[in-house]
Visitor: 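This is the structure I want to talk about, given as structure tokens.
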There are 2 protein chains.
Amino acid sequence: MKLQEAKTQFINSWGRLGSEWGINRTMAQIHALLLVSDKPLSTEDVMQELSVSRGNANMNLRELISWDLVQKELIPGDRKEYFVAEKDIWEVAKRIVRERKRKEIEPILRELKQLQDVDDKKSPEAKEFVKSVKNIHEFAGKMDKSIETMMKADENWFFGAIFKLLK
Amino acid sequence: MKLQEAKTQFINSWGRLGSEWGINRTMAQIHALLLVSDKPLSTEDVMQELSVSRGNANMNLRELISWDLVQKELIPGDRKEYFVAEKDIWEVAKRIVRERKRKEIEPILRELKQLQDVDDKKSPEAKEFVKSVKNIHEFAGKMDKSIETMMKADENWFFGAIFKLLK
DNA sequence: TTTTATTTTCAGTAATTATTGAAAGTTTAG
DNA sequence: CTAAACTTTCAATAATTACTGAAAATAAAA
């Protein structure tokens with residue numbers, strides 16, 4: 001397979017994976033493009049490579065920066081902004097998880113906590129409801145906590161420990 | 001908060017969470033409805049509770065069954081089909097992960113493996129590309145493997161071990 | 001068998017989400 | 001300062017995804 005072809009396929013796959021997981025396809029594609037680019041790219045480069053509009057490129061680049069997956073890079077003597085992606089894949093994973101945890105998991109944990117506060121906790125139906133919600137809340141809380149701890153830990157420590165654990 | 005209100009809020013939250021993660025909102029809502037229902041529900045019940053059409057209810061119930069999150073339940077002397085959700089939240093998590101792994105993670109792992117097969121592996125650009133893809137592939141493979149192992153393990157074993165590990 | 005209850009399918013439509021492109025805003029150079 | 005280079009915004013539009021509802025299929029009862 002030719003290199004260009006391979007890059008394109010990688011970009012498409014990453015984009016598809018993203019959209020299956022609720023992440024804007026173009027955002028994922030730009031991320032992929034920068035991940036396999038050996039040099040910083042400008043907005044123009046992104047527009048050209050992915051055939052997207054300036055507005056689209058700009059918005060998704062900003063979003064990637066807000067996720068801390070991409071950084072601006074200034075090239076001396078050039079007025080344009082250039083962009084590079086974080087290449088350490090463990091960092092990438094941590095930052096994606098951190099972002100989604102913050103924006104999507106934590107709010108629902110707060111809601112689940114509140115929901116256990118129903119009137120008439122004595123009625124069998126209410127009891128059942130509270131039990132279900134409590135289970136989910138506790139489970140999610142444990143998961144959240146585990147992820148939190150793993151995120152803070154170092155890669156080698158994590159893999160070393162987890163693989164020993166997992167035989 | 002009133003019980004009905006709480007149930008509705010739970011259903012809405014679950015639905016929103018689902019759609020943020022690329023799962024059809026109605027499917028997630030039906031799942032939520034069944035999760036907090038103390039008795040089996042018919043298609044009619046689901047249509048009524050969530051104000052959705054018969055077609056929509058039917059399709060999403062089938063999808064939930066294919067994910068193994070919901071089961072049919074027959075009530076003797078009644079021709080209608082009734083549905084119940086798996087209530088053990090650890091089982092629920094395992095089944096969701098299993099399904100998404102199979103449908104979305106494994107295909108991309110295969111692709112990443114192939115992509116390392118580019119022409120002219122000697123060129124610096126190709127070398128860089130292969131290195132990036134290889135990193136991602138290895139990382140994803142490790143994650144996949146870990147999840148696989150956890151999925152097979154028992155809940156108590158998992159939490160016992162992971163919490164000991166995580167201090 | 002025919003009738004009736006129930007489930008499934010899917011073309012058409014609606015709702016949601018993403019994208020464009022041009023105007024407004026900002027920054028730097030001269 | 002003004003002009004040019006570049007970035008951002010956002011209303012209009014396109015693309016995608018989800019939903020409806022009625023017809024067709026299936027299954028049970030009569």
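Order of the sequence lines sets the chain letters (A, B, ...), proteins ahead of strands, with each chain counted from 1.
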Visitor: When you measure from the centre of the six-membered ring of Trp21(A), is the NZ or CZ of Arg100(B) closer than 6.0 Å and no more than 45° off the axis?
Guide: yes

Visitor: Which comes earlier along DNA chain C counting from the 5' end, the contact point of Glu81(B) or that of Met27(A), where each point is its nearest nucleotide?
Guide: Glu81(B)

Visitor: Please list, chain by chain and in numerical order, all residues satisfying salt bridge (Lys or Arg N to Asp or Glu O under 4.0 Å) with Arg98(A), sequence neighbours excluded.
Guide: none

Visitor: Decide whether Asp45(B) and Ser42(B) meet the rule of one side-chain donor and one side-chain acceptor closer than 3.5 Å.
Guide: yes

Visitor: Produce a footprint string for nucleotides 24-30 of chain D: one letter per nucleotide, 5' end first; B if the base is under 4.0 Å from any protein heavy atom, S if only the sugar-phosphate is, - if neither.
Guide: ---BBS-

Visitor: Pull out every residue in residues 95-107 of chain A that has a heavy atom closer than 4.0 Å to any atom of DNA chain C, ordered by number, or say none.
Guide: none

Visitor: Considering only distance and modelled atom types, tabulate donor-acceptor pairs under 3.5 Å from the side chains of residues 25-40 of chain B, sequence neighbours left out.
Guide:
residue	atom	partner	partner atom	Å
His31(B)	ND1	Trp14(B)	NE1	3.3
Ser37(B)	OG	Lys39(B)	N	3.2
Ser37(B)	OG	Lys39(B)	O	2.6

Visitor: Test of understanding: with salt bridge (Lys or Arg N to Asp or Glu O under 4.0 Å), list the residues that count as partners of Arg102(A), not counting sequence neighbours.
Guide: Glu99(A)

Visitor: What residues from residues 34-49 of chain B pass a heavy-atom cutoff of under 4.0 Å to DNA chain C?
Guide: none

Visitor: CZ of Phe83(B) versus P of dT6(C): gap in Å, rounded?
Guide: 13 Å

Visitor: For DNA chain C, determine which residues of residues 9-25 of chain B have any heavy atom closer than 4.0 angstrom to one of its atoms, and list them numerically.
Guide: none

Visitor: Let's see if you get this right: which residues in residues 52-71 of chain A place a heavy atom under 4.0 Å from DNA chain D?
Guide: Arg54(A), Gly55(A), Asn58(A), Met59(A), Arg62(A)

Visitor: Kindly list each side-chain donor-acceptor pair under 3.5 angstrom involving residues 46-59 of chain A, sequence neighbours excluded, with atom names and distances?
Guide:
residue	atom	partner	partner atom	Å
Ser53(A)	OG	Asn56(A)	N	3.1
Arg54(A)	NH1	Glu44(A)	OE2	3.4
Arg54(A)	NH2	Glu44(A)	OE2	2.9

Visitor: Give every donor-acceptor pair under 3.5 Å between a side-chain atom in residues 113-126 of chain A and any protein atom, sequence neighbours left out.
Guide:
residue	atom	partner	partner atom	Å
Gln116(A)	NE2	Leu112(A)	O	3.3
Asp119(A)	OD1	Met1(B)	N	3.1
Ser123(A)	OG	Ala126(A)	N	3.1
Glu125(A)	OE2	Lys7(B)	NZ	3.2

Visitor: Please identify each residue that fulfils salt bridge (Lys or Arg N to Asp or Glu O under 4.0 Å) with Lys72(A), with sequence neighbours left out.
Guide: Glu81(A)

Visitor: Between Glu91(A) and Arg95(A) (salt bridge meaning N to carboxylate O under 4.0 Å), is one present in this structure?
Guide: yes

Visitor: Please say whether more than 12 non-hydrogen atoms of neighbouring residues, nucleotides or ligands are located less than 6.0 Å from CD in Gln71(A).
Guide: no

Visitor: Between Asp78(B) and Ser51(A), which has a closest nucleotide on DNA chain C that is more 5'?
Guide: Asp78(B)

Visitor: I'd like to check the side-chain contact (heavy atoms from CB on, under 4.5 Å) partners of Glu148(B); sequence neighbours left out, ordered by chain and number.
Guide: Lys101(B), Lys152(B)

Visitor: So for atom NZ, which belongs to Lys103(B), do other residues, nucleotides or ligands contribute more than 12 heavy atoms lying within a distance under 6.0 Å?
Guide: yes

